[in-house]
Amino acid sequence: MARIVVAGDASSEDFARAELLADQLSASLPSFVVRKQPYATAAWSQARETTIASLKLGPLADGNTDTLVWRELGPANSAASLIGGCVEFVGFAHRYYGMTLDDEVANTLNLACEHNEVEAEAAAADQSSERAVHKIVLVGAASSAAGLVAHRLAAHGLPDGTAVSLVLVGSASGAQGSADDSDQEAAAEALADDLADAAFPLLANAAATSNLADAATHADAVVIFPDQDSGEGIEAVATVFKGIGGALSGVKAGASVTVASTVAFPSNTAALVLQRQAAALDPRRVVALSLLSQHQVQELIAQRINDGVDPDDLKVIGSEVEGVVVWGNAAGHVIVDATRATTRATDGVVAGAATAEGNSVPSMVRDTVFWNEKLPAAVAGRSAAVQALAGKRAGLALASATLEHLACMHGSSGGTQAQSAGVLVGEDSAYPFTKGMCCSLPTTCDSDGMVVVPGLSSAPQALWHAALAELEAQRNAAFEALGIDPPPAIEFPKPDNKEEDDEEEGDEGDEGKK
């Protein structure tokens, strides 16, 4: 899927021309998605400089002053590749899509300029008026990923333009008084001061505290970045998250709570303990982040698709690989399912099997060694690398996944495209053998939280047994440490051949009775 942003001076003819060309592309190509950002003339110069700096766009050709066009490479406002101004955008559309601006469309430029200017002035008026503010608490704010998330939220707010008030809690452990905790709290205070000094337009307030209960009062969202270097067992994790759960009783009704961690941390079990200890939390809005693992798989698949592609061709990027699901335990036995994956590849990339939804990835990559050996090994290798480098890397991947999840939960629906998320499985689950667990499943977002998508499981039962047995062992160890009786053991569905064997045994038994 090509995602293009067109920003510029709304009264400019170049901006109107780029906007109309983008509309033409979007109407002709279902895989072409456009976002427009018209600005009033007085506001464009500052907006242009801020956009260039925040997205690191460049180098810019001389004369590109009225319009900026770029391609999004991740969640909105997270990563971008510059196309250029109006002239470069026209060349881009012609080269990759064979599209030129219709003469009849070009004749409407003056009308488009007037319309854009009115819209931009109305948007500016709306921004100057009073608007809602979401209170977001970042626990473990001393981590690099939390710092990146804080800066992005402060600079851009939520996807619908809602401003944010950030409360930063340095330590996720809840143990006060140790040297490590003091260092983390000092780091959180320094981050809060840095955010305040930057005077971000969508940051209503930034503060640091060591009292999670106070921080969580009336919060709209809580994101927990656990300590990745603790090396502690599941019992210690359970104790820490019991304390965190007890401190979240004051959150707003419908608040989201996310355990955002690398694959080195048992986030599924931590989320299960959280919900068990905080009855006020809506189970549909308590999530263990598994998007990081999904993003890793998407990128590995994109690299495989691009093998042998001409360097001058427009290649597939990881975010354009859709339909990948990560099942099971993102911190252990993860099940990669790309059987329904597609990509919005352009004609010059790879000769694939075209479908109504895009190019079928399994049809594009007919390589059983890749699917059965190389991809699982690469996912495991990346997981091991993340674990080995925890605390020593920038945290960009985790921050990107966290921001995408927050965009889904607050102000930007994930639509019909499923995304992997570690969710709490109830009695009415579409996958009943996972009930009582926190398990990575395919989900979408709606106003009530994460909704599990039914009917997608195609993973072999042997893989499911390994993943769920691991999750069950973690859950039981955590509950035992907290003095909680674990639920009944998982009832695995019988394999087909076992069911046949049982039927045969039953028949023989009946004959014996006769």
Side-chain angles (χ1 to χ4, degrees), residues 221-224 226 237 241 244-245 248 251 253-263 265-295 297 323-337 398 401-410 412-457 459 463-464 467-468 470-472 474-475 478-479 487 490:
V222 179
V223 183
I224 303 161
V237 170
F241 276 80
I244 293 176
L248 298 183
V251 299
S256 69
V257 179
T258 305
V259 182
S261 66
T262 68
V263 293
F265 188 85
S267 55
N268 295 79
T269 302
L272 190 64
V273 171
L274 266 181
Q275 199 277 328
R276 185 66 181 253
Q277 296 299 315
L281 299 179
D282 184 340
R284 294 166 298 182
R285 302 182 73 83
V286 179
V287 174
L289 196 71
S290 53
L291 264 178
L292 178 59
S293 295
Q294 179 182 313
H295 287 174
V297 173
V324 172
V325 179
V326 171
W327 304 81
N329 184 6
H333 278 84
V334 62
I335 305 168
V336 176
D337 184 0
L398 179 57
T402 303
L403 289 164
E404 183 175 337
H405 174 68
L406 286 175
C408 179
M409 295 289 281
H410 297 275
S412 178
S413 172
T416 59
Q417 183 63 46
Q419 66 170 233
S420 306
V423 293
L424 302 166
V425 184
E427 293 291 332
D428 58 347
S429 171
Y431 308 98
F433 52 94
T434 63
K435 67 182 180 182
M437 310 296 294
C438 180
C439 182
S440 183
L441 298 172
T443 64
T444 57
C445 297
D446 67 11
S447 58
D448 293 325
M450 308 305 291
V451 179
V452 175
V453 180
L456 295 186
S457 178
L463 295 179
W464 268 116
L468 291 176
E470 186 177 58
L471 284 171
E472 184 179 41
Q474 290 182 356
R475 179 195 67 185
F479 281 16
I490 295 174

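The residues of the chain are indexed from 1 along the displayed sequence.
- Note that the CZ atom of Arg475 and the CE atom of Met437 stand 5.0 Å from one another [nearest 0.5 Å].
- Just one of His410, Arg285, His405 meets the side chain to side chain donor-acceptor pair (under 3.5 Å) condition when paired with Ser256; it is His410.
- Listed here is the closest heavy atom pair of Ile335 and Ala467: CD1-CB, 4.2 Å.
- For Glu470, the side chain to side chain contact (heavy atoms under 4.5 Å, CB included) partners at least two apart in sequence or on another chain are Asn329, His333, Gln474.
- The shortest heavy-atom contact between Met450 and Cys445 is SD-SG, 3.7 Å.
- The two residues Val273 and Ala478 have their closest heavy-atom pair at CG2-CB, 4.1 Å.
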Walk me through it: do Leu289 and Val259 pass the test side chain to side chain contact (heavy atoms under 4.5 Å, CB included)?
-> CA-CA 6 Å; Leu289 196 71; Val259 182; over 6 Å; no
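- Residues Gly245 and Ala278 share a closest heavy-atom pair of O-CB, 3.3 Å.
- Cation-pi geometry between Arg276 and Phe241 is not satisfied (NZ or CZ under 6.0 Å from the ring centre, within 45° of the ring normal).
- Looking only at distances, no side-chain donor or acceptor of Ser267 sits under 3.5 Å from a matching main-chain atom of Ala288.
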For side chain to side chain contact (heavy atoms under 4.5 Å, CB included), just list the numbers for Trp327 and Asp337, CA-CA rounded to whole Å, side-chain angles, deciding distance to a tenth of an Å, and then say yes or no.
-> CA-CA 8 Å; Trp327 304 81; Asp337 184 0; 3.3 Å; yes
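- Here Arg284 contributes atom CZ and Thr443 contributes atom OG1; the two are 13.5 Å apart, rounded to the nearest 0.5 Å.
- Between Cys439 and Leu471 there is a side-chain heavy-atom pair separated by less than 4.5 Å.
- For the pair Val223 and Ala260, the tightest heavy-atom approach, listed with the atom from each and the gap, is CG1-CB, 3.9 Å.
- Summarising the geometry, atom CG belonging to Leu272 is positioned 6.5 Å from atom SG belonging to Cys438; distances are rounded to the nearest 0.5 Å.
- Contact record, Val237 with Ala270: CG1-CB, 4.2 Å, taken as the closest heavy-atom pair.
- Residues meeting the side chain to side chain contact (heavy atoms under 4.5 Å, CB included) test with Val222, sequence neighbours left out: Val137, Val139, Ala219, Ile224, Leu248, Val251, Val257.
- Note that the CG atom of Leu291 and the OG atom of Ser440 stand 8.5 Å from one another [nearest 0.5 Å].
- Atoms CG and CD, on Leu292 and Glu404 in that order, are 11.0 Å from each other to the nearest 0.5 Å.
- Note that the CD atom of Gln419 and the CG atom of Leu441 stand 12.5 Å from one another [nearest 0.5 Å].
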